[in-house]
Amino acid sequence: MSAANTNTDFFERVYDVVARIPKGKVTTYGAIARHLGTGRSSRMVGWALNKTLESGAGMLPCHRVVNRKGELTGKTWFGGDTMEQLLRAEGVTFDELGRVELARYYWEP
DNA sequence: AAACTGACGGGCG
DNA sequence: ACGCCCGCCAGTT
C-alpha cells in the first residue's frame, strides 16, 4: 500500500463517522479526531470535511458537526442560516446565543 | 524557505 | 460562563 493513501483513508474515516451521527444529534471536531486516533488534530477534521465537499461527498451531514462551544462554525460553507435550519428540522434547539445544547444533543462516535 | 491561516481544543484568569 | 493564549497539522502565499 502506498503511503500516499493515508490522506484518503483519513477522509474516508471522517466521512464514515459523520455519516453515523444520528439524526437530531451533533458531535464535535475534537470527538471525531479522537475517534480517528489523530487526537489533537481536531483542525484536520474540519479541513477534511471541507475537502470532502469538493470531493463530491456533499451529501455528508456535516451540519451535525459543531465546535466545543456548540457553535455552528461551519455555517459559512452552508451559506446564511442553512446549517441552523437543517438542525432545527431535526429537532435540535438553540440557545439565545445560537449555540447547540451539547449536554443534550452531543453524540460520541 | 518562512510565516500566516484555519469548519478546533484545552487551560487559565 | 466568557475571553484570551497556546499548541496541533496541513495547506497556501
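Since we're looking at a predicted model, the values are computed, not measured. Sequence lines set the chain letters: A, B, ... in the order given, protein chains first and strands last, and positions in each chain run from 1.
- Across all strands shown, C:dC8 has no partner, as no Watson-Crick or G-U wobble contact with both distances under 3.5 Å is found.
- The CG atom of A:Leu49 sits 11.5 Å away from the OH atom of A:Tyr15 when rounded to the nearest 0.5 Å.
- Base contact: A:Asn50 has a heavy atom under 4.0 Å from a base atom.
- Distances from the side chain of A:Arg43 to the nucleotides C:dA10, B:dG9, C:dG7 place C:dG7 closest.
- Near DNA chain C, meaning a heavy atom under 4.0 Å from it, residues 96-108 of chain A has A:Leu97, A:Arg99 in order of number.
- Closest to the side chain of A:Met44, out of B:dA7, B:dG9, B:dG6, is B:dG6.
- In terms of phosphate contacts, A:Ser42 brings no side-chain nitrogen or oxygen within less than 4.0 Å of OP1 or OP2 of C:dC8.
- One finds a side-chain N or O of A:Thr73 lying less than 4.0 angstrom from the OP1 or OP2 phosphate oxygen of B:dC8.
- Rounding to whole angstrom units, NZ of residue A:Lys69 and P of C:dA1 are separated by 14 Å.
- Residues A:Val65 and A:Trp47 share a single hydrophobic cluster, defined by chaining ILVMFWY side chains whose heavy atoms lie under 4.5 Å apart.
- Residue contacts for A:Thr76: at a heavy-atom cut-off of 4.0 Å it reaches no nucleic acid atom on any strand shown.
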**Message:** Pair A:Glu108, A:Thr27 - check side-chain hydrogen bond (donor to acceptor under 3.5 Å, both in side chains), show working.
**Reply:** CA-CA 6 Å; A:Glu108 176 155 342; A:Thr27 193; over 6 Å; no

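- The main-chain N or O of A:Met44 is never found under 3.5 Å from a side-chain atom of A:Ser41 such that the two would form a donor-acceptor pair.
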Is there any protein nitrogen or oxygen under 3.5 Å from a nitrogen or oxygen in nucleotides 11-13 of chain B, and what are the pairs?
from: B:dG11; atom 1: O6; to: A:Arg68; atom 2: NH2; distance (Å): 3.3

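- Regarding A:Glu71, its CD atom lies at a distance of 13 Å from the C1' atom of C:dA1, rounded to whole Å.
- Interface remark: the A:Arg40 side chain does not form any donor-acceptor pair with the B:dG9 base, using a distance-only criterion of under 3.5 Å.
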**Request:** Report the C-alpha separation of A:Glu90 and A:Arg64 in whole Å, then their side-chain angles, then the decisive distance to 0.1 Å, and conclude whether the salt bridge (Lys or Arg N to Asp or Glu O under 4.0 Å) test is met.
**Result:** CA-CA 10 Å; A:Glu90 297 182 355; A:Arg64 293 178 189 151; 2.7 Å; yes

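- If you take atom P in B:dC4 and the same atom in C:dC5, they sit 16 Å apart, rounded to whole Å.
- Ring pair A:Phe78/A:His63 is perpendicular by interplanar angle, where above 60° counts as perpendicular and below 30° as parallel.
- The CD1 atom of A:Ile21 lies 9.0 Å from the SG atom of A:Cys62; values are rounded to the nearest 0.5 Å.
- What separates CH2 of A:Trp47 from P of C:dA10 is a distance of 7 Å, to the nearest Å.
- Atom OG1 of A:Thr73 and atom NZ of A:Lys75 lie 10.5 Å apart (nearest 0.5 Å).
- With DNA chain B read from its 5' end, the first of the two nearest nucleotides for A:Arg34 and A:Tyr29 is the one closest to A:Tyr29.
- Rounded to a whole Å, the CZ atom of A:Phe11 is 12 Å from the C1' atom of C:dC9.
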